[in-house]
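Ligands are counted one by one from 1 in listed order, and the atoms in each one are counted from 1 as well.
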Amino acid sequence: MISLHQVSKTFVSSTNHFQAVNAVSLQVQEGEIHGIIGTSGAGKSTLLRLINLLEKPDSGSVIVGNQDLTQMSEKELREARRNIGMIFQGFNLVSNRTVSGNVSIPLELAGIPRRERVERVDEFLEFVGLEHKSKQYPSQLSGGEKQRVAIARALANRPKVLLCDEPTSSLDPNTTNGILGVLKRLNQNFGLTIVIVTHEMEVVRNMCHNVSVMELGSLVETSVVDQPHD
Ligand SMILES: Nc1ncnc2c1ncn2[C@@H]1O[C@H](COP(=O)(O)OP(=O)(O)OP(=O)(O)O)[C@@H](O)[C@H]1O
Ligand SMILES: [Mg+2]
């Protein structure tokens, strides 16, 4: 489903060059939950953003589905990105839009007609258990609720792949379990392929099929998670 081949990314500014991702190759099968762990600054978020080309790689190829994203025009890329949902590190909600308004954003960008938008927003808010908060603004929500809005927004276009950047890092254990439960349900019921960056081994043991370790921009190891997961 996802295939990275020798992908590198260097951030260049007037004063320095920094290689955040160094020749990383990674395979993720359809229906897999793949964890990415590693110390702060190892390049995990950058790697995740390379999968949907929010960061443009300097070299290497990024294939999602059967499409090589690195060969695409901006227009083709916008289309292809609809199949790739993303949950950011931090919630990244738009503060002057309601819960419904936030979930609706990707649908508006995709040109979905209003009636269908309303239906889909309701469907996904119900899925994450927040239909009763649809008219609230982000500042009126708890952290766990904000993250569930971010999940509903990432799912609104019915993506095949979901990229999650530390989706539970600022949440208490109960709320974390709720969020992980939502992600697992998506994987089990709809075969959603998930790549999840985390620093919590609990998350890896609890839901990942495979896990990769990043160190100083390199992917040093990928292994099977042998814990049973329900
Ligand atoms: N836009 C940027 N410009 C310059 N350097 C950057 C940029 N984005 C990231 N970096 C650098 O690249 C390195 C990797 O960053 P990245 O955000 O991928 O790390 P991370 O593994 O996700 O860390 P954390 O666990 O703290 O979230 C860091 O040293 C960071 O300072
Ligand atoms: Mg990060």
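For K9, the NZ atom counts as densely surrounded, since its 6.0 Å shell holds more than 12 non-hydrogen atoms of other residues, nucleotides or ligands. Annotation for N189: atom CG counts as buried by contact number, over 12 foreign heavy atoms lying within 6.0 Å. Around the CG atom of L216, the shell of radius 6.0 Å holds no more than 12 heavy atoms that belong to other residues, nucleotides or ligands. Counting non-hydrogen atoms of other residues, nucleotides and ligands closer than 6.0 Å to CD of E215 gives a total of 12 or fewer. Under a cut-off of 6.0 angstrom, the local environment of CD in E30 is sparse, with at most 12 non-hydrogen atoms contributed by other residues, nucleotides or ligands.
Using a distance-only test at 3.5 Å, with no hydrogens or angles considered, a donor-acceptor pair links the side chain of S8 to the main chain of A23. Between the side chain of D58 and the backbone N or O of T10 there is at least one donor-acceptor pair closer than 3.5 Å.
Shown here are the protein N/O/S atoms lying under 2.8 Å from the Mg ion (ligand 2), water excluded: S45 OG, Q89 OE1.
For the side chain to side chain donor-acceptor pair (under 3.5 Å) test with E32, the passing option among N187, N210, T193 is N210; the others fail.
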Item checked: salt bridge (charged side-chain N to carboxylate O under 4.0 Å, His left out) between R158 and E116, intermediate numbers included -> CA-CA 13 Å; R158 305 191 199 285; E116 194 182 340; 5.7 Å; no
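Near ligand 1, residues F11, F18, A20, T39, S40, G41, A42, G43, K44, S45, T46, Q89, E166 each place a heavy atom inside the 4.0 Å sphere around the ligand atoms.
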